[in-house]
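Written out below as structure tokens is the structure these notes cover.
Every chain is numbered from 1 and lettered A, B, ... according to where its sequence line falls, protein lines coming before strand lines. Quick caveat, the model's predicted, so the values are computed rather than measured.
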Amino acid sequence: MSSPTFDPIQVLADRFRSAIARAYPEAGDSDPLITASRQTNLGDFQSNAAMPLAKKLGVKPRDAAAAILKHLDLADLAEPLSEASIAGPGFINIRLRADTLAELVAAFDTPDLGIDKPARPQTIVVDLMGVNLAKQMHVGHIRSPFIGDAIARTLERLGHTVIRQNHVGDWGLNIAMTVMRIMDEVAAGTRSLDSLTLDDLDTAYRLAQASCQRDLAGLQACRTYGLGPKAEAECQAQVDGATEAFTRARQVLVQLQGHEPRALAVWQRIADVTMAECLAVCKRLHINVTAEHSAGESTYAAELAPMVEDLLKRGIAEESDGALVVRLDDPRYGAIKEPCLIRKSDGGFLYATTDVCAVRRRVQKIGAERIIYAIDARQNLHLRQVWGAARRAGYARHPVTGEDAMLEHAAFGAILGDDGRPFKTRTGDPVKLSDLIEQAVTAAAAIVREKSPDLSPAEHATIAETVAVAALKHADLCQERVKDYVFSFGRMISFEGNTGPYMLMAVARIKNIFRKAANEIDPDLPWPSSPLDLREPQEKQLALALLRYPGAVRAVGQSLEPHRLSQYLFELAGAFSSFYDACPVLKSEGGTRLSRLRLCSLTERVLTDGLSVLGIPTLERM
RNA sequence: GCCCCCGUAGCUCAGCUGGAUAGAGCAACGGAUUUCUAAUCCGUUGGUCGGGCGUUCGAAUCGCCCCGGGGGUGCCA
């Protein structure tokens, strides 16, 4: 739990709780309902306790507020209370004393910035990537790792044990088709495995898909409309060819399943090429996903048949039209009409089979008490089916706690273009991720060169890279994840408003103050521990904003919505900008300067820490 | 058909377990710079919170019914 020493809401809640208990002993334990005031002209905090209390006891709300006030002693914390502190139907407004606020900020000024370890850390699996072999990464792939990594970092920051899982799509018939295609090309001497690139694979993947796709509709049309023997023969040839290719692809899949060395070598090469690119992108975007987080579908392949046997034997799975399903009508399993299909009538397994198997491994072997899926919102039904099946099978029951793991979908919407339709290039192709990053870096570089001409080209390059990455990630993470959002290159890279560059700028300005301070001021000045003197309104507002940090991080841990932290950080940066404008730091003197330096330092630490929790890198200067 | 998600200012979006006159940013307009980065700050203009009914002292928030948009829906992943 949170340490009560720095949190004004906790401190006030304690006082209100006892005041309420004295004013209305018959009321029992009543929530003081302390919140930060929305209008700062009325106060810093407010209690909404009087209204529900009055209702419960059948008295007038304002009378209840007056009674609470009568028993409330905040003289050491807040500015004097009076009748005027009661507003509207019974709100009680509180303004903290500057010295109290200073004490709270000093208590908050610890290495962990008010976020202490949980009494019992949880083991949490975050499913956050899911790239597919042989497919070029495009913008559609980016939300999962952005959001998933931010959630993972948040939970780590809160003291939990987080296991990232990159659920790589590296198995199944689609992959076998590509393996077949590459094997054919190698056999024909048109392809060298050594020089294989992801672009090559992307092309091969698409060609392979097409070659296995039987155009039955076309053939039917030829016959129906009598398009002539030639057209019909061509269509027939296509269908025959596709049928043959499809059959061969199935054979390749069998070879892969049997670890046939030649097919497996090609598969391994495809996996290596894809993963190298994927992990390089992660590294460049400061996404904490590395090789050790890979848990591809192929690693579950051998477990599927025994698992399905287990389900069948225990009567959890049943046959239906030749297929094997797990029914989920029971409310305990989600009350889902559509059953979870785990084996096709031809004996093949489906992605649901693998996903059920993944729940089992994550809970039974990894020990997950909570599994979070940072996955496209469209997968919601699929996930609920998988969870229902896993719970029904007992796979979700934690071996130690004996309780079902929490299974949560951190769903996200699509990235749209200006036209409100899914973000595509002018030609209609998906936007390649590497192209998007390059474009962002180029745009950032142009701005940095213009704004900071005094820096070296090497510095420009470094800064542009970081600004671009921050802009991209921030543009995604500042939005409510479940909604679609409109991607705007100009808005993202802008320094105005709630953007990555604006946030980096706030950090860089503070760093700049300390750079100057180191030159112009005795470096031994005791600002890190000097008393805070919060006399200006901007100083108070900044202090109040700082104290909200732990709550903002916890809110993300609970809601799995990183935009809440982003929103908070933007508000903190705004409070700092107002402070920066109104309160000179280096030009002030004595205690004021020391106090302001400490305030700056704290702000910088919170901003940097908060951005790092979101996975956004910061800069010393820009 | 059934299920899920979304609808807040001209645009892009916040709005916490229901709380006061619904907030930011952009755009528009007006100010502030011999200044620690003006890449900023301060102010003005702008909204029947998709519509209705209900619960409540109090609803953008909770419930029900509509309207509009998107998505999913047994043998692809």
Side-chain angles (χ1 to χ4, degrees), chain A residues 31 33 35-39 42 46 48 51-52 54-55 60-61 87-91 93 130 132 169 171-175 297 320-325 335-346 348-352 354-355 376-382 384-385 411 413-414 416 420 447-448 450-452 467 478-480 482-488 490-491 494-499 501-502 504-506 508-517 520 538 551-552 555 558-559 561 563-564 566-567 570-571 574 577-588 596 600 621-622:
Chain A
D31 192 337
L33 294 172
T35 61
S37 287
R38 217 174 257 188
Q39 289 119 311
L42 296 177
Q46 65 185 61
N48 301 333
M51 283 81 75
K55 186 185 166 192
K60 289 182 185 165
F91 302 109
N93 289 315
N132 294 308
W171 207 242
L173 195 54
N174 287 343
I175 306 298
E297 294 175 347
S320 173
D321 295 335
L324 220 50
V325 303
I336 302 166
K337 194 179 61 183
E338 299 90 340
C340 183
L341 206 59
I342 56 164
R343 195 175 73 192
K344 296 190 284 183
S345 48
D346 69 1
F349 300 122
L350 299 103
Y351 78 136
T354 304
D355 284 346
D376 192 306
R378 288 176 296 190
Q379 300 290 329
N380 184 263
L381 175 60
H382 164 70
R384 282 171 28 233
Q385 288 176 308
L416 307 178
I447 299 172
V448 172
E450 181 202 328
K451 299 289 184 188
S452 303
V467 168
C478 72
Q479 317 255 358
E480 202 181 344
V482 77
K483 295 184 187 175
D484 295 348
Y485 78 92
V486 177
F487 183 85
S488 159
R491 187 149 37 85
S494 162
F495 289 77
E496 293 171 354
N498 190 3
T499 68
Y502 175 85
L504 295 195
M505 191 62 212
R509 289 171 121 188
I510 303 175
K511 297 276 192 184
N512 198 45
I513 289 175
F514 283 97
R515 217 166 17 246
K516 296 222 166 181
E520 299 169 12
Q538 291 85 352
Q558 214 161 41
S559 66
E561 293 175 342
H563 82 279
R564 296 194 188 204
S566 168
Q567 186 74 21
F570 178 60
E571 286 164 17
S577 287
S578 298
F579 159 82
Y580 182 88
D581 201 61
C583 306
V585 178
L586 297 178
K587 288 199 166 58
S588 59
R596 288 178 179 173
C600 285
R621 67 169 77 199
M622 55 191 288

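- For Arg491(A) and C13(B), the shortest distance from a side-chain N or O to OP1 or OP2 is not below 4.0 Å.
- If you check every strand for non-hydrogen atoms under 4.0 Å, Phe349(A) touches sugar and phosphate atoms only.
- The distance from atom CG of Leu416(A) to atom P of G71(B) is 10 Å, rounded to the nearest whole Å.
- Comparing Ala377(A) and Gly497(A) by the nucleotide of RNA chain B that holds the closest heavy atom to each, the one mapping nearer the 5' end is Gly497(A).
- If you check distances only, the side chain of Ser345(A) does reach the base of C75(B) with a donor-acceptor pair under 3.5 Å.
- Rounded to an integer number of Å, the gap from Leu381(A) CG to G70(B) P is 20 Å.
- Phosphate contact (OP1/OP2 of G7(B), side-chain N/O of Lys483(A), threshold under 4.0 Å): present.
- Residue-to-nucleotide proximity on RNA chain B shows that, of Arg378(A) and Arg515(A), the 5′-proximal contact is made by Arg515(A).
- At a threshold of 4.0 angstrom between heavy atoms, the contacts of Asp355(A) with the nucleic acid are absent.
- Ser452(A) contributes a side-chain N or O that forms a donor-acceptor pair with the base of A39(B) under 3.5 Å.
- Nearest to the side-chain atoms of Leu42(A) among the listed nucleotides A20(B), A39(B), U40(B) stands A20(B).
- You won't find any donor-acceptor pair under 3.5 Å spanning the side chain of Gln479(A) and the base of A14(B), going by distance alone.
- Pairing for U40(B) is with A32(B), a Watson-Crick or G-U wobble pair whose two hydrogen-bonding atom distances lie under 3.5 Å.
- Rounded to whole Å, atom P of C75(B) lies 11 Å from atom CD of Glu338(A).
- The shortest distance between the side-chain N/O atoms of Lys337(A) and the OP1/OP2 oxygens of G74(B) is not below 4.0 Å.
- Here the P atom of nucleotide C57(B) and the CE atom of Met51(A) are 13 Å apart, to the nearest Å.
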